[in-house]
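Below is one structure; the comments refer to it alone.
Each chain gets a letter, A, B and so on, in the order the sequences are listed, and its residues count up from 1. Since the structure is predicted, the reported quantities are computational estimates derived from the model, not experimental observations.
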Number of protein chains: 2
Amino acid sequence: MKNTIADIAHKAGVAKSTVSRFLNGGSVSHATRRKIEQVIQETGYIPNSFAQSLKAKKTSMIGTIMPRLDSFSASQTVAGMDEELRKHGYQLLIINASQDLSREIEALYDLARQKISGIILFATQVTETHLAAIQEIGIPVILLGQQHNHVHSMIYNDYAAGYDMGRYVLSMGHRQIAYIGVTEKDVAVGVKRKEGFLKAVSEYDEAEAFLYESGFKMSDGVKTACSLFELNRTLPTAVVCATDNIALGVMKAAHMKGIPIPERLSVTGFGGYDVTEVIHPGLTTVKYGYFQAGHLAAQHIMKLVNDEPVDFLTVMKCEMIHRESVDKLN
Amino acid sequence: MKNTIADIAHKAGVAKSTVSRFLNGGSVSHATRRKIEQVIQETGYIPNSFAQSLKAKKTSMIGTIMPRLDSFSASQTVAGMDEELRKHGYQLLIINASQDLSREIEALYDLARQKISGIILFATQVTETHLAAIQEIGIPVILLGQQHNHVHSMIYNDYAAGYDMGRYVLSMGHRQIAYIGVTEKDVAVGVKRKEGFLKAVSEYDEAEAFLYESGFKMSDGVKTACSLFELNRTLPTAVVCATDNIALGVMKAAHMKGIPIPERLSVTGFGGYDVTEVIHPGLTTVKYGYFQAGHLAAQHIMKLVNDEPVDFLTVMKCEMIHRESVDKLN
DNA sequence: CTGAAAGCGCTTACAG
DNA sequence: CTGAAAGCGCTTACAG
């Protein structure tokens, strides 16, 4: 294992440069080719990629910084990126920032140190520090999931998704609607979806929206729903949740309290997680094409790496999915 | 960005070695320290990690080869490994083999080329080719999820899990039980769980097991369940599924056919996915500690990398979780 | 505390 | 087609 190109050259009775040429597909006579092949075979020589990269001054690696790995959106997106990148000979280096913004910054510098060719940042928030780091490292970066004027961004049309969902719930006759959102620091999920929803509500005079804020976890959804149920007043007829996870939590809370869905309470989510289809009742939600987004992000970063032009802002469509969790009122 | 240690040295008016010493925490006078700090600050110097690794002859990277990224077990395990590794200054390089065994082999060589210090192979099958590659690269490798006599292995006690599940379902009075398994090529999931289950069944004279084989996907579970339902004979009173995913598929199929769970059909899974708790009825399953397994695998590989002794075989316990999806017969 | 020099393993013009 | 030599950016004894 500890063979170097010099060892191989020595054993094959040729010069290092000849071995290198052989390795890189340069012209080598048939005889020497065979000798080198044999020696490599015998020794199990594996080139040292550091030395290679040191000369080449670049790698075929793309880095991605994820806020977490263990969520549906994250794992789908990564799988999509990976598939596309691999198809084109790039390798994906995945960094888990564990939902810690300062780790994202660290990761940007780490990746730069490793001479990664490009970075896809799966963003939840974009701070000034992020921007400074992105500028300083001087490597192509794509923001996925959030938008910033100074960085290539790919976002979902969260406003439209919120609006569509609002319109749908209203069209089903609901007028007293709770909205369980998340922190506004997350512009895409916390602000845009809510704004779209509220726009829809504002178009109906008699409609009323009650806003709540929850964490991202299923258990946060359970908690928020419980406190909502315990307020001593008439329950809204529908609760629109900013994510499928929260919606699942709400459904669980409803089950615990004996509130039938959708008969007494309609519930909706956003995301289109696989499980929303198999649970009962099926969850009405908006499907986000995470896997395809991963594909697209991979294509964009490869273009950027090769100095090809890429749209500064890409907006990805979402798709309403109607299932049984929303009741029609008359 | 294109600064090298030589540039910094030049601008700070010192030698390269001094800058290097500064960077690596060696002793440097206060005055020069300040000068160097300032220059680095101004230039935004980022060391080239290839050159560093080339000298150091090793990296603080651990590689992991996963059959897929977008599954609960995979993402949980990776998250666990990552957390523990990062805590100890290692970085995790994740490779997605996309359920293609030959890609796993490729990945082993790729990681070797990159002078990764150790590898955790999330295994589904261990072939001779795997073994040859592991031996050839000469890097510590841990098998996670499957066992092989010649490689450090960490496995779950699948036999016990299967046995416990069988015992439980039998103890609830079920005697006609369908078992939906997976390919026997996957020894842990396809063989051990089934064997454990069958052992339990063999302990009851009047009990009878009907074996089916399904793919790993939820949709495979749906299909298998549908064909099971369509066989014109009395339905078993319980169906034990080799994974939670399959169980979710079976539950969906039952809903579609109007078969109430657990009143007319009890269903169980293996895995302990998060969703099994929030669905209705809650799924009886065996919880596998994926996240903790990731932690443990990380600890083991770090020991191996540092030439510390590690048990050749580690067996991890699983935990039965009783929920509403199993009915008590009398 | 500081610097000159050799070397990590590979690649790449440049001669031959 | 083949080889000698320089260089990629860093680290590490070794002197001073």
Side-chain angles (χ1 to χ4, degrees), chain A residues 1-37 39-40 43-61 109-117 137-139, chain B residues 1-37 39-40 43-61 109-117 137-139:
Chain A
M1 280 313 78
K2 329 219 83 185
N3 290 302
T4 73
I5 200 169
D7 299 331
I8 306 301
H10 182 75
K11 286 183 184 146
V14 298
K16 287 178 356 182
S17 26
T18 307
V19 178
S20 175
R21 226 175 286 119
F22 165 80
L23 254 19
N24 296 291
S27 48
V28 179
S29 77
H30 193 67
T32 51
R33 168 180 302 278
R34 291 210 24 195
K35 268 208 301 220
I36 297 177
E37 266 169 356
V39 175
I40 289 185
T43 55
Y45 169 66
I46 298 178
N48 180 328
S49 69
F50 291 127
Q52 295 178 316
S53 305
L54 183 55
K55 279 300 290 185
K57 298 236 178 181
K58 56 161 240 168
T59 62
S60 51
M61 283 210 228
Y109 289 110
D110 279 351
L111 291 175
R113 219 187 316 280
Q114 293 178 52
K115 297 293 177 257
I116 287 280
S117 302
I137 60 176
I139 293 175
Chain B
M1 279 314 77
K2 329 221 83 187
N3 290 302
T4 73
I5 201 169
D7 300 330
I8 306 299
H10 181 74
K11 286 183 185 147
V14 298
K16 288 178 355 182
S17 27
T18 307
V19 177
S20 175
R21 226 175 286 119
F22 165 81
L23 255 18
N24 296 290
S27 48
V28 180
S29 78
H30 193 68
T32 49
R33 168 180 303 278
R34 291 211 24 198
K35 267 209 298 222
I36 297 175
E37 267 168 355
V39 175
I40 289 185
T43 56
Y45 169 67
I46 298 178
N48 180 328
S49 69
F50 293 127
Q52 294 178 317
S53 305
L54 183 57
K55 280 301 289 187
K57 297 235 181 184
K58 57 161 238 168
T59 62
S60 52
M61 283 209 228
Y109 289 110
D110 279 351
L111 291 175
R113 220 186 316 279
Q114 293 178 52
K115 298 292 178 258
I116 287 281
S117 302
I137 60 175
I139 293 176

Separation of [X] atom [atom1] from [N] atom [atom2], in whole Å?
X: A/His10; N: D/dA4; atom1: NE2; atom2: P; result: 13 Å
X: A/Phe22; N: C/dC10; atom1: CZ; atom2: P; result: 14 Å
X: B/Arg21; N: D/dT12; atom1: CZ; atom2: C1'; result: 9 Å
X: B/Leu23; N: D/dT11; atom1: CG; atom2: P; result: 6 Å
X: A/Ile36; N: D/dG3; atom1: CD1; atom2: C1'; result: 12 Å
X: A/Lys16; N: D/dA4; atom1: NZ; atom2: C1'; result: 10 Å
X: A/Ile46; N: C/dC10; atom1: CD1; atom2: C1'; result: 16 Å
X: A/Ile8; N: C/dG9; atom1: CD1; atom2: C1'; result: 12 Å

**Request:** Using the closest heavy atom to pick a nucleotide of DNA chain C for each, name whichever of B/Ala51 or B/Ser17 lands nearer the 5' end.
**Result:**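 Checking each residue's closest nucleotide, the 5'-ward one belongs to B/Ser17.
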**Message:** Do A/Tyr109 and B/Ile46 have side chains that approach each other closer than 4.5 Å (heavy atoms only, starting at C-beta)?
**Reply:** yes
**Prompt:** Can you find a pair of side-chain heavy atoms, one from A/Phe22 and one from A/Thr32, that are under 4.5 Å apart?
**Reply:** no
**Message:** Tell me which one of A/Thr43, A/Leu23, A/Val14, A/Thr18 satisfies side chain to side chain contact (heavy atoms under 4.5 Å, CB included) with A/Ile8.
**Reply:** A/Thr43
**Minimum-distance nucleotide (side-chain atoms of A/Asn48 versus C/dG3, D/dA4, C/dC10)** = C/dC10
**Nucleotide nearest A/Ser29 when distance is taken to its side chain, options C/dG3, D/dC10, D/dC1** = D/dC1
Given [N], is OP1 or OP2 found less than 4.0 Å from the side-chain N or O atoms of [X]?
X: B/Gln52; N: D/dT11; result: yes
X: B/Thr32; N: C/dC1; result: no
X: A/Tyr45; N: C/dG9; result: no

**Prompt:** With sugar-phosphate meaning primed atoms plus P, OP1 and OP2, does B/Ser20 contact a base, only sugar-phosphate, or nothing at under 4.0 Å between heavy atoms?
**Reply:**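 Since a base atom lies under 4.0 Å of B/Ser20, the category is base.
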**Asked** Sub-3.5 Å donor-acceptor pair from the side chain of A/Ser20 to the main-chain atoms of A/Lys16, do we have one?
**Response**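 Checking the backbone N and O of A/Lys16 against the side chain of A/Ser20, no donor-acceptor pair under 3.5 Å is found.
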**Asked** Nearest 0.5 Å, what's the OG1-NE2 distance between B/Thr4 and B/His10?
**Response** 11.0 Å
**Item:** Assigned partner base of D/dA4, Watson-Crick or wobble definition, under 3.5 Å
**Value:** none
**Request:** Would you mind pulling out the nucleotide paired to C/dA13, Watson-Crick or G-U wobble, both distances under 3.5 Å?
**Result:** none
**Message:** Between A/Ala31 and B/Ala6, which residue's closest nucleotide on DNA chain D lies nearer the 5′ terminus?
**Reply:**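 The residue mapped nearer the 5' terminus is A/Ala31.
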